[in-house]
Amino acid sequence: MKFLFISLVSVIVFLTGCSTPEKTQSSTPLPSLDKDYTDVSVMIQMMSILKTHYVDENKVEDGKLFESAMHGIASNLDPYSGYEPPRTHKESSNRRNGELSGIGVVIAKPAKNDLLVVNVIPGSPADKAKIKPGDTVVAIDGKNLKPLNLYQCQKLLQGNNGTKVSLTLRSSGKTVNKTLIRRKVIMPSVKNAMVINKDIGYIKITSFTLHSAGEFRKALAKLKQKNIRSLIIDLRNNTGGHVQSTVDTISQLLPPGKIIMTAHGRNPEKKQIVRSKKIANLTAETKMPIVILVNFFTASSAEIFSSALRDNKRAQLVGTRTFGKGTLLHVIRLANGGALRYSSGRYITPSGKFIEGKGLQPDYKVLIPAEQLFRLTSQQKKYPGIIKPAIKNAVKDTQLEKAVNLLSPIPKTKTEKKSPVHEPAVR
């Protein structure tokens with residue numbers, strides 16, 4: 001599958017990208033300057049004027065002007081498309097695979113606002129610097145972030161291993177300056193596999209990297225050895241990932257041949273139906289009751305995962321509306337070693353819904369107040385799978401509580417005769 005789902009609302013700056021292995025097209029012939037490219041002569045004229053007369057000569061070197069033009073062509077199309085220069089493309093590829101030289105944060109960028117820290121990767125430079133979810137980044141290396149978009153902020157945070165980056169943050173009502181050293185950050189995408197409430201399995205998936213399907217397979221096998229009877233999959237703050245890895249993970253929970261999504265490109269009549277598949281040496285878990293936790297930062301491939309399991313009657317969703325990223329992205333490597341990332345299509349869920357800008361509505365809506373949301377995210381790092389840890393000012397995870405209640409056995413009453421007490425039921 002050649003589609004790439006890029007997280008819209010947040011990008012893990014070490015991250016989470018969303019891709020299948022990219023297609024290399026270095027041999028693609030460059031277009032001839034025919035009537036379809038007559039405006040190119042105007043662009044060349046403009047570049048010539050700037051190169052000759054612009055006051056700062058170093059800003060108008062040929063390479064810089066052409067790169068700026070390529071950035072503009074792609075980024076003006078939509079919020080997801082863009083040009084990746086050769087010097088950053090390798091890092092972008094690593095990020096989509098789940099590793100990067102950076103500081104290890106998940107970020108969101110509301111338009112013309114400060115950069116928001118959604119999550120912090122354990123053990124990362126940001127974690128060691130005590131940056132917390134809910135902190136806002138005002139400036140990077142002295143550069144004001146409000147006018148910038150998400151990818152521009154991401155670019156400022158990236159850099160070579162061992163290099164320094166200075167951040168101005170607002171944390172707990174105070175403005176602080178911190179200098180971090182970029183490091184290679186590798187994050188397991190499947191975390192905190194544990195048993196809660198005696199026989200309910202809990203798995204957190206933070207993103208869908210190349211390794212997620214294998215990690216999930218091991219985590220689920222480990223939990224089944226502990227005789228779990230139901231499963232909670234936590235996709236809150238999961239902003240997307242590799243399509244193929246997402247399909248491979250879904251296929252561990254669906255019978256082969258079930259529709260996962262239907263995609264189409266420029267021509268809506270030409271559709272590609274993506275189905276679950278048989279995983280070698282694995283019998284899919286198709287009976288165990290499942291609840292998926294979602295929130296507004298659940299996006300892209302995480303929405304595909306959620307809709308595929310719900311629409312095939314394998315799971316219920318608990319939480320809040322998801323982000324709504326229904327656009328397919330494609331990454332093509334260019335002749336100069338850079339890459340073009342562009343929207344190549346859209347997809348609909350198995351039930352026929354287009355979620356772009358709408359998201360998925362949960363089966364059980366459970367709101368967590370905004371002032372508690374980021375505190376909860378930070379709390380979950382230390383106390384995963386616990387509804388309310390015994391600590392000062394703990395936030396109660398009412399979404400997890402609802403999932404546990406749905407999967408807990410229904411108590412036997414006097415009128416019931418053969419309903420087993422320990423059989424989990426989705427209520």
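Values in this document were obtained by computation on a predicted structure and should not be read as measured data.
How far CD of Glu303 is from CG of Leu317: 10.5 Å, rounded to the nearest 0.5 Å. Taking OG1 of Thr320 as the reference point, atom CD1 of Ile368 lies at 8.0 Å (rounded to 0.5 Å). Note that the OG1 atom of Thr322 and the NZ atom of Lys325 stand 12.5 Å from one another [nearest 0.5 Å]. Interatomic distance, Ile259 CD1 to Ser351 OG, rounded to the nearest 0.5 Å: 10.5 Å. Atom CG of residue Leu373 and atom CG of residue Asn295 lie 6.5 Å apart, to the nearest 0.5 angstrom. Distance OG/Ser343 to CZ/Arg266: 12.0 Å, rounded to 0.5 Å.
In terms of modelled atom types and a separation under 3.5 Å, the side chain of Lys109 and the main chain of Leu148 share a donor-acceptor contact. In this structure, Asp141 contributes its side chain and Val165 its backbone to no donor-acceptor pair below 3.5 Å. Judged by distance alone, with hydrogens and angles left aside, the side-chain atoms of Arg182 form a donor-acceptor pair with the main-chain N or O of Gln158 at under 3.5 Å. Side-chain atoms of Asn192 do not come within 3.5 Å of backbone N or O of Gly385 as any donor-acceptor pair. Here the side chain of Ser101 pairs a donor or acceptor atom with the backbone of Gly159 at under 3.5 angstrom. Looking only at distances, a side-chain donor or acceptor of Ser124 sits under 3.5 Å from a matching main-chain atom of Asp127. Not one N or O on the side chain of Asp135 forms a donor-acceptor pair closer than 3.5 Å with the backbone of Ile131. Judged by distance alone, with hydrogens and angles left aside, the side-chain atoms of Ser251 form a donor-acceptor pair with the main-chain N or O of Lys277 at under 3.5 Å. Judged by distance alone, with hydrogens and angles left aside, the side-chain atoms of Asn312 form no donor-acceptor pair with the main-chain N or O of Arg314 at under 3.5 Å. Formation of a donor-acceptor pair under 3.5 Å by the Gln399 side chain with backbone atoms of Val366 is found in this model.
Inspection of the Asp248 and Gln244 side chains reveals an N or O donor paired with an N or O acceptor under 3.5 Å. Side-chain contact, Thr262 with Gln272: no donor N or O sits under 3.5 Å from an acceptor N or O. Using a 3.5 Å distance cut-off with no hydrogens or angles, the side chains of Asn197 and Ser408 do pair a donor with an acceptor. Between the side chains of Gln252 and Arg217, no donor-acceptor pair of N or O atoms lies under 3.5 Å. In this structure, a donor-acceptor pair under 3.5 Å is present between the side chains of Ser171 and Lys132. For Ser189 and Glu215, the side-chain atoms include at least one donor-acceptor pair closer than 3.5 Å. Side-chain polar atoms of Arg341 and Ser81 form no donor-acceptor pair below 3.5 angstrom.
Contact check on Glu401 versus Lys396 returns a salt bridge, with a Lys/Arg side-chain nitrogen under 4.0 Å from an Asp/Glu carboxylate oxygen.
Using a 4.5 Å heavy-atom threshold, the side chains of Ile203 and Leu223 count as touching. Between Ile228 and Ile200 there is no side-chain heavy-atom pair separated by less than 4.5 Å. Residues Thr286 and Leu253 are not in side-chain contact: their nearest non-hydrogen atoms beyond the backbone lie 4.5 Å or more apart. Residues Leu156 and Leu145 are in side-chain contact: their nearest non-hydrogen atoms beyond the backbone lie under 4.5 Å apart. Contact check for Ile107 versus Leu157: side-chain heavy atoms found under the 4.5 Å cut-off.
For Lys204, the NZ atom sits in a packed shell: over 12 heavy atoms of surrounding residues, nucleotides or ligands are nearer than 6.0 Å. Other residues, nucleotides and ligands place more than 12 heavy atoms under 6.0 Å from the NZ atom of Lys381. Residue Lys178 qualifies as enclosed at atom NZ: its count of foreign heavy atoms under 6.0 Å is above 12. The number of heavy atoms from other shown groups lying within 6.0 Å of CZ (Arg346) does not exceed 12. Environment of NZ in Lys353: sparse, with no more than 12 heavy atoms of neighbouring residues, nucleotides or ligands closer than 6.0 Å. Crowding of Phe354 atom CZ: a count of heavy atoms from other residues, nucleotides or ligands under 6.0 Å exceeding 12. Counting non-hydrogen atoms of neighbouring residues, nucleotides and ligands closer than 6.0 angstrom, the NZ atom of Lys64 exceeds 12 such neighbours.
In summary, the aromatic rings of Phe208 and Phe305 are positioned with their centroids under 6.0 Å apart.
Between Phe374 and Phe297, the angle of the ring planes lies from 30° to 60°, which puts this pair in the tilted group.
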